[in-house]
Amino acid sequence: MKKLLPLLFLLASFSIYGQNTLYFMDRVPQNNAYNPAFIPDLKFHIGLPFLTGYTANASNSGFNYGELNDFLDNLEDENYNPDDFINSIEGKNKFLSEASLNILSFGFKLKEKGYFAFDLKANNILLSDADPEIAYLLADLDDIPSENFPISIDEMDIFENNNISMGFTYSRVINKNLTLGIRPVINFNAIGIKTSKINYRIERVEFTEQFEDFGEIYEYTSTEYNKTFSGDATVGMPVEINPDAIDGNELDLDEGLFPEDWAEDLSLGELLKNASVSFDIGANYQLNKWMFSASLLNLGTSKWRNNAYKLNGEANYEEGTIYIKEEDKIEIGIPTKMYLGTVYQFAPKWNSGLVFNNTFYSTGSKSTATLSLNGHIGSMLSTSVSYTAGYNYDNVGLGLRLRILPGTDFYFVTDNLIQLINYEKAYRVSAAFGLNISIGAKDTPAEIEEI
């Protein structure tokens, strides 16, 4: 369990659109997730249910998996000072994980100038911005030396948004230079959490008790951990909050937020009743052998009109109160993403591309830039080799699309090939993979034929 916890911390949830390397791979129709103006170089595609694509990304700013694993392994060593590890983390520790499972997708050409695509996805994003001592929460408290208590985590921010999305993409060639695209997305919101300045403190208390056995008095020492927390939270849920946890307007977190067996009892109607709409927009402009592209994704917010709550207050084992209030509506944002790209077609089947991405999170923005070489060999193989700046120096990426059966393509893409292989030293890992049935790919890109 001790070795499992840090791996879960870094990799348990994964990424929405985390692979810049996929951006210019036009034979992989999933790249229109970055820009709805991208028209796949295909007549038709369908993603096999639950096999059509999984995109994964996790990053942690203060420490990697190997460093955290060493920290947990050495806590019981009397000669080890865990505060050395904690003090080596500069500033706040920022953890990000995003996930997108493509449940079903398909698309087809509309005559010669349009393309329609549909996708159904399950998505999750989790962010935390916390003091370095959050690493202690991944350990067994009994393993932490007594002199390292109390553990205090001040002004921690947590954000989570879990939903099922249904997107309808329409791309249209306006003229030989300009292509536009729009994607309205219906988000069926399940779980949303947004906190503000959560303070969490753990104190270790030892006390001695006596007992008598056959006339002899014995003493033993016990340890308790008093946990205190305070702050505000906005919470959206797919079901009503656990009624056993509510007494008037007070909340007992020991009872748990969710009712027992809530997942088994969750109906489709309950899952779909908190719906909201967002939009993705994009444009491409062709100029001789150059193409310029821009897109904005996730323009909108997630809304809960049912099972929406506000929590605030303070609680510990002896006193304090968490107050709960049911709201008519709450909103929890979806991180907006901006992509700017340019590609130069230097040969009929090969091009070089540069894409800039900025994602606007509630805790600040994150920018990356990726330079790539992209091409294909007939209808059998597409590839991309890339380098991404904005993280560590070893972000060499690789993308492959291989026709494994007639009309059936397997694809795999990562921005971080070296870190994916050497995951113990990785601060960020990403991967996307899946199967598509694709029909109608040409040997020469359409844009070259128009020049």
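What you see is a predicted model, and the numbers here were worked out from it, not measured in a lab. Basis for what follows: all heavy atoms, side chains included, without hydrogens, waters or symmetry-related copies.
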Write down the atom of [X], the atom of [Y], and the distance for their closest heavy-atom approach.
X	Y	value
Lys121	Asn102	CG-OD1, 3.6 Å
Ala117	Asn32	CB-ND2, 3.9 Å
Ile281	Pro36	C-CG, 3.6 Å
Gly192	Ile332	C-CD1, 3.4 Å
Pro259	Asn242	N-CB, 3.8 Å
Leu297	Ala33	CD1-O, 3.3 Å

Side chain proximity check, [X] to [Y], heavy atoms < 4.5 angstrom:
X	Y	value
Tyr339	Val355	yes
Glu155	Asn199	yes
Leu42	Pro29	yes
Phe168	Ile186	yes
Asn163	Asn161	yes
Phe188	Leu271	no
Arg201	Pro150	yes
Ile198	Asp157	no

For this output row, return yes or no: ring centroids of [X] and [Y] closer than 6.0 angstrom.
X	Y	value
Phe106	Phe118	yes
Phe292	Tyr285	no
Tyr225	Phe149	yes

In Thr370, Asn374, Asn31, Thr21, the residue satisfying side-chain hydrogen bond (donor to acceptor under 3.5 Å, both in side chains) with Ser384 is Asn374
Exactly one of Thr301, Asn187, Asn298 clears side-chain hydrogen bond (donor to acceptor under 3.5 Å, both in side chains) with Ser278, and that residue is Asn187
**Q.** Salt-bridge criterion met for Lys329 and Glu327 (N-O under 4.0 Å)
**A.** no
Taking the basic N atoms (NZ, or NE/NH1/NH2) and the acidic carboxylate oxygens, is any pair closer than 4.0 Å for Lys92 and Asp131? yes
Could I get the full list of side chain to side chain contact (heavy atoms under 4.5 Å, CB included) partners for [X], not counting sequence neighbours?
X	value
Thr359	Pro335, Lys337, Asn357, Tyr361
Glu206	Arg204, Thr221, Thr223
Phe412	Phe410, Thr414, Leu420, Ala431, Phe433
Val235	Ala233, Met237, Leu311

Sequence neighbours excluded, the answer for side-chain hydrogen bond (donor to acceptor under 3.5 Å, both in side chains) partners of Tyr115 is His45
Applied to residues 236-247, the salt bridge (charged side-chain N to carboxylate O under 4.0 Å, His left out) test, sequence neighbours excluded, yields none
Okay, side chain of [X], backbone of [Y]: is any donor-acceptor separation there less than 3.5 Å?
X	Y	result
Asp415	Asn20	yes
Tyr411	Gly399	no
Glu133	Ser152	yes
Asn123	Ser100	no
Asn148	Ile144	no

CA sep, side-chain torsions, deciding dist, call: Thr195, Phe159, side chain to side chain contact (heavy atoms under 4.5 Å, CB included)
CA-CA 7 Å; Thr195 70; Phe159 171 91; over 6 Å; no
Go through the steps for Phe85 and Phe71 under the test ring-ring contact (aromatic ring centres under 6.0 Å, His included), then give the verdict.
CA-CA 7 Å; Phe85 170 73; Phe71 167 74; 4.6 Å; yes
Tested for side chain to side chain contact (heavy atoms under 4.5 Å, CB included) against Ile174, the lone hit among Thr179, Asn284, Leu180 is Leu180
**Study point:** Flag if over 12 foreign heavy atoms under 6.0 Å of CD, Glu147
**Key:** yes
Counting only heavy atoms from other residues, nucleotides and ligands, does the tally under 6.0 Å from CG of Asp328 exceed 12? no
Are [X] and [Y] close enough that a side-chain donor and a side-chain acceptor fall under 3.5 Å?
X	Y	answer
Asn162	Asn124	yes
Asn57	Arg428	yes
Asn189	Ser302	yes

| Can you list the steps and then say if Tyr65 with Leu68 is a side chain to side chain contact (heavy atoms under 4.5 Å, CB included)? | CA-CA 5 Å; Tyr65 168 70; Leu68 179 59; 5.7 Å; no
Subject >> Verdict with supporting geometry, Glu203 and Ile151, side chain to side chain contact (heavy atoms under 4.5 Å, CB included) >> reply: CA-CA 7 Å; Glu203 295 182 339; Ile151 298 169; over 6 Å; no
Here the gap from Glu76 atom CD to Asp142 atom CG, rounded to the nearest 0.5 Å, amounts to 9.0 Å
